[in-house]
2 protein chains.
Amino acid sequence: MSAENLPRILIIDDELAIRRFLHTILSSEDFSLHEAENGHAGLAAAAAFKPDIILLDLGLPDLDGIEVIMRLREWSQVPIIVLSVREHENDKVAALNAGADDYLTKPFGVGELLARIRAALRRSLQEVPEPIYTCNGLQVDLTRRLVTIQGEEVSLTPTEYDILRLMVTHAGKVLTHSQILKQVWGIAYLEQPHVLRVNISNLRRKIESDPSRPRHIVTEPGVGYRLTL
Amino acid sequence: MSAENLPRILIIDDELAIRRFLHTILSSEDFSLHEAENGHAGLAAAAAFKPDIILLDLGLPDLDGIEVIMRLREWSQVPIIVLSVREHENDKVAALNAGADDYLTKPFGVGELLARIRAALRRSLQEVPEPIYTCNGLQVDLTRRLVTIQGEEVSLTPTEYDILRLMVTHAGKVLTHSQILKQVWGIAYLEQPHVLRVNISNLRRKIESDPSRPRHIVTEPGVGYRLTL
DNA sequence: AAACTTCTTGATGTTTTCTTGACAGCTTAC
DNA sequence: GTAAGCTGTCAAGAAAACATCAAGAAGTTT
């Protein structure tokens, strides 16, 4: 898994010792970490860093923890796990009602923290449906890898689907021969425009109602191809 | 608010006293309640009652609590809040890793319980999928692990059932070879598509009326397999 | 321990996909 | 007008992917 895909965790805590502690625990797992030492910095970091989960200490110097939660909840659904020394029930209730997802009282077990982080991540990673490209009876559902023309299912070979997916994700824009060849076949095929033509032809036969006068996959002579918007 | 739209809570606990206690607390709020006094009844009720949230006691007479969580998670994403007297960290970690959303140690405060229920409800306003897949005479009941074809029960091996369950929970979507291999056999088998083919073949022999022309498990050449919707 | 089920693995034949070459149509340049 | 270059189509052989059978290994139950 590449570094970009690691779950992102934002730690908002003013105590250096705790930040170090959390850093030690969490960096042994596969997480991408970011830290903020007060409420305002935390709110800014939440917007900039776009964490998948926030670990929030309630006792911040500049802002009340509840305030931070409420400000976050004005625009973000990111899971918030509160870490606090206050174990009075009212504090927990207030934080949870303000929009926190979980509340852990210090000192807490490392295993429990990790388990609760995983539980929160599990919930929030529930996949977001990708948009479906639709145009003139052609429909491409990228999540289901399903292509339909006039409602009828079309079966594409892996290569054909790769090309079409590339075009859908860049719908309306011209894709040069080199771009398509590089993406689908790899750099080694840069000087082989023939394979691309054959595949475009096959693709058109499958998704165009009149392959000799294509409406979806338009050729831009001398440059490449373009998928009509 | 009409009675049909109230959040539905299922309580799985063997102790009458606790059920009474929870009933008292929760019926003062706007909840629709249902109770089960052992694991099997709880699993059945989860399928029939379709709760928005489950309060689960770990110490059940017939099934281990972790087992209940895992069985539920085979087909349902419903939030599970564990209520337990065991406050050892290992118990919490095991429950959370098995798929629980929260863990409360008895005795707990009423306010905290309500707050945690609200927190769980807040983020789980999503649709619950039907636990029973039906299509062209093939029926898969994930809650009972029961597969029937034209009403007749089919006996599957554990591996075959795992594959089918994976496909049912992603019905309509293409599952790549790697996805299936990773989920069913583990990462070590990623480069062994042969075992998958053998098992798909066996599965088809059992659930397809004409295995050579499959209607349910469609192969997407070069990619994987897909369960017809 | 025997009987049974399930899993794994190898061998073999089939199907699908990929690559490549031949050729024809079209456009542009001269 | 014609040559050159780009483009589209068809078809055949090669390569890869797939399905199925069957036998032995491993694990379970009786």
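Every chain is numbered from 1 and lettered A, B, ... according to where its sequence line falls, protein lines coming before strand lines.
- Judged by a 6.0 Å distance limit and a 45° cone about the ring axis, B:R8 is positioned over the six-membered ring of B:F49.
- Relative ring orientation between A:F21 and A:F108 is described as tilted, the plane-to-plane angle lying within the 30° to 60° band.
- Whole-Å rounding puts the A:E208 CD to D:dG8 C1' distance at 13 Å.
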inquiry  = Before you tell me yes or no, could you show the steps for B:D210 and B:R205 under salt bridge (Lys or Arg N to Asp or Glu O under 4.0 Å), namely the whole-Å CA-CA distance, both residues' side-chain angles and the distance that decides it to 0.1 Å?
reply    = CA-CA 8 Å; B:D210 180 2; B:R205 188 152 32 78; over 6 Å; no
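- Within the structure, every side-chain polar atom (N or O) of A:R197 is placed at least 4.0 Å from both OP1 and OP2 of D:dT9.
- Electrostatic pairing of A:K206 and A:E160 counts as a salt bridge here, judged by a charged N lying under 4.0 Å from a carboxylate O.
- A side-chain donor-acceptor contact under 3.5 Å links B:T228 to the backbone of B:R215.
- Going from atom CD1 of A:I207 over to atom P of D:dG8 covers 13 Å, rounded to whole Å.
- A cation-pi arrangement is present between A:R145 and A:Y161, with the terminal nitrogen or guanidinium carbon under 6.0 Å from the aromatic centre and inside a 45° cone about the axis.
- As rounded to whole Å, 12 Å separates atom C1' of D:dA19 from atom NE2 of B:H177.
- Of the residues near DNA chain D, A:V223 and B:Y225, the one whose nearest nucleotide (by heavy atom distance) lies more toward the 5' end is A:V223.
- Whole-Å rounding puts the B:L196 CG to D:dA19 P distance at 9 Å.
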note = B/S/- along nucleotides 8-21 of chain C (protein heavy atoms under 4.0 Å) is SBBB----SSSSBB
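- Taking only side-chain nitrogens and oxygens, A:T219 never comes nearer than 4.0 Å to OP1 or OP2 of D:dT7.
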Short heteroatom pairs, N/O only, protein and nucleotides 24-30 of chain C, under 3.5 Å:
none

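- Per the geometry, CD1 belonging to B:I200 stands 11 Å off P belonging to D:dC18, to the nearest Å.
- The CD1-P distance, from A:I217 to D:dT7, rounds to 15 Å in whole Å.
- In this structure, A:D210 atom CG and D:dG8 atom P are separated by 14 Å, rounded to whole Å.
- As rounded to whole Å, 16 Å separates atom C1' of D:dG5 from atom CD of A:E191.
- With hydrogens and angles left out, the side-chain atoms of A:D141 and A:T143 include a donor and acceptor closer than 3.5 Å.
- With hydrogens and angles ignored, the 3.5 Å screen pairs no side-chain donor or acceptor of A:D162 with any backbone N or O of A:V184.
- To the nearest 0.5 angstrom, A:H34 atom NE2 is 10.5 Å from A:I11 atom CD1.
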